[in-house]
Protein chains: 2
Amino acid sequence: MGRTGSTRSEEILTAALELFTRLGYEATTMADIGAAVGVRGPSLYRHVPSKQDILVRIMTRTMEDLLRTHRSALAGVAPDDPVERLRRATEAHVRYHARHRREAFVGNREIRSLVPPHRERVLTLRSEYERCFRDLIEVGVRLGRFDAASARLASYAILDLGMGVAVWFREGGEPGEDAVVWQYGQFALRLVGVRSG
Amino acid sequence: MGRTGSTRSEEILTAALELFTRLGYEATTMADIGAAVGVRGPSLYRHVPSKQDILVRIMTRTMEDLLRTHRSALAGVAPDDPVERLRRATEAHVRYHARHRREAFVGNREIRSLVPPHRERVLTLRSEYERCFRDLIEVGVRLGRFDAASARLASYAILDLGMGVAVWFREGGEPGEDAVVWQYGQFALRLVGVRSG
DNA sequence: GGCTTCCGCTAATGCTCATTAGCACTAAGT
DNA sequence: ACTTAGTGCTAATGAGCATTAGCGGAAGCC
């Protein structure tokens, strides 16, 4: 029984995530979430302070996980090997979006359901993440390894591929996670003009 | 005063589209839409049958437009030139998403706000559109012009790029529509292994 | 002037919700 | 046995919202 998660609040976050993914934040009621964990709506308030707070916890955790994954994917990769760095970053990005499709999906679509103080915080984390990719590409261009007219467009394109994965990917379906990750890593490199995946 | 559009309902659809884009369908109220056209909420019912109907009209019109532009982009392009066909299809796709970002944005995100009979209809149109791209890529692979391990993944990737454009593109911003369209056409070809843009 | 059509308005109506109050039960701990 | 957390429940509360009723005015037509 830790303080943050005492199992019950985790269950609630998980159930809410599933419902937010399927119905959207606005269309999900506290009663729905309660039913998903075997409880009436009002009882949820014993474990979480509000519906908005559920969304906030889900979204900030997601963005932090994503950034953490990104950093650890690049840890130990030579800074002067932009090809390998972009490949690793993209693979981590895509793997995260495949493995945590609900989190990524909600994280992308429900930003507007966040109420001001939190919205800005999440948006800041998000643009920090975007900047990582743009920087990666700019380095590659500067080193003459990439051929991209606009690093910004290329980074948007690569990031958007990940969001797409979160939409259509199904665990246990075909193609599997590894195949998608590999393929999308190749896509990213091709996008910036690297030959032979 | 024509029957379908008598200006007023068009104004309402346009205002609603803007609001749905910014706030989402659920979070937009009839009073909001009314205010945007200078009228109280209930007065809207003189021009449109319901809020849901506004969404339905927006979304079906969007999907039909998209399919129409796709077909006309390919009209007259040699069937045995998959490179040119994919380039044209992608350019039309991206141009549509840049030029009608609100329509495309709402069309992608509010499918779940559509009530059953319509949701299915829109989803059918959408998968018809997806299939066009997959077929295009399969032909290219069969003719040996494309190098794609999975036509399905490649088509998803290309389509997702378009959705991304609808999210971040701003009319009058940089890069402009033509630059984005050209760049994304090149991205699509690179994705399927075509060299030299 | 009287009739009709259009279109806007305010006041219901009838939900659906998030959230709060207040009560009850259980399991420890003492 | 008494108390205290912890957790659930039902019944408010209070707001927001789509939609409907019913009224009134303006414009055109006779």
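Heavy atoms only: backbone and side chains are in, while hydrogens, waters and symmetry mates are out. Throughout, a chain's letter reflects where its sequence line sits, starting with A, and its residues are numbered from 1. Keep in mind that this is a model prediction, so the values were computed, not measured.
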Basic-acidic side-chain contact under 4.0 Å: [X], [Y]:
| X | Y | result |
| --- | --- | --- |
| A:R131 | A:D135 | yes |
| B:E84 | B:R88 | yes |
| A:R22 | A:E18 | yes |
| B:D65 | B:R99 | no |

TODO: Mind listing the residues from residues 28-46 of chain A sitting with a heavy atom below 4.0 Å of DNA chain C? Number order is fine.
DONE: A:T28, A:T29, A:M30, A:P42, A:Y45, A:R46
Task: Smallest separation among heavy atoms of B:A78 and B:R85, with atom names - done: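 Residues B:A78 and B:R85, closest heavy atoms: O-CD, 3.3 Å.
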Can you tell me how far [atom2] of [N] sits from [atom1] of [X], to the nearest Å?
| X | N | atom1 | atom2 | result |
| --- | --- | --- | --- | --- |
| B:D53 | D:dA18 | CG | P | 15 Å |
| B:Q52 | D:dA18 | CD | P | 12 Å |
| B:E11 | C:dC7 | CD | P | 12 Å |
| B:L23 | D:dC17 | CG | P | 11 Å |
| A:L55 | C:dA18 | CG | P | 13 Å |

Open item on the list: Using the side chain to side chain contact (heavy atoms under 4.5 Å, CB included) definition, which of the options A:R126, A:H97, A:E103, A:H100 pairs with A:L66?
Closed with: A:H97
Task: Contact under 4.0 Å: B:H47 side-chain N or O vs C:dG8 OP1/OP2 - done: yes
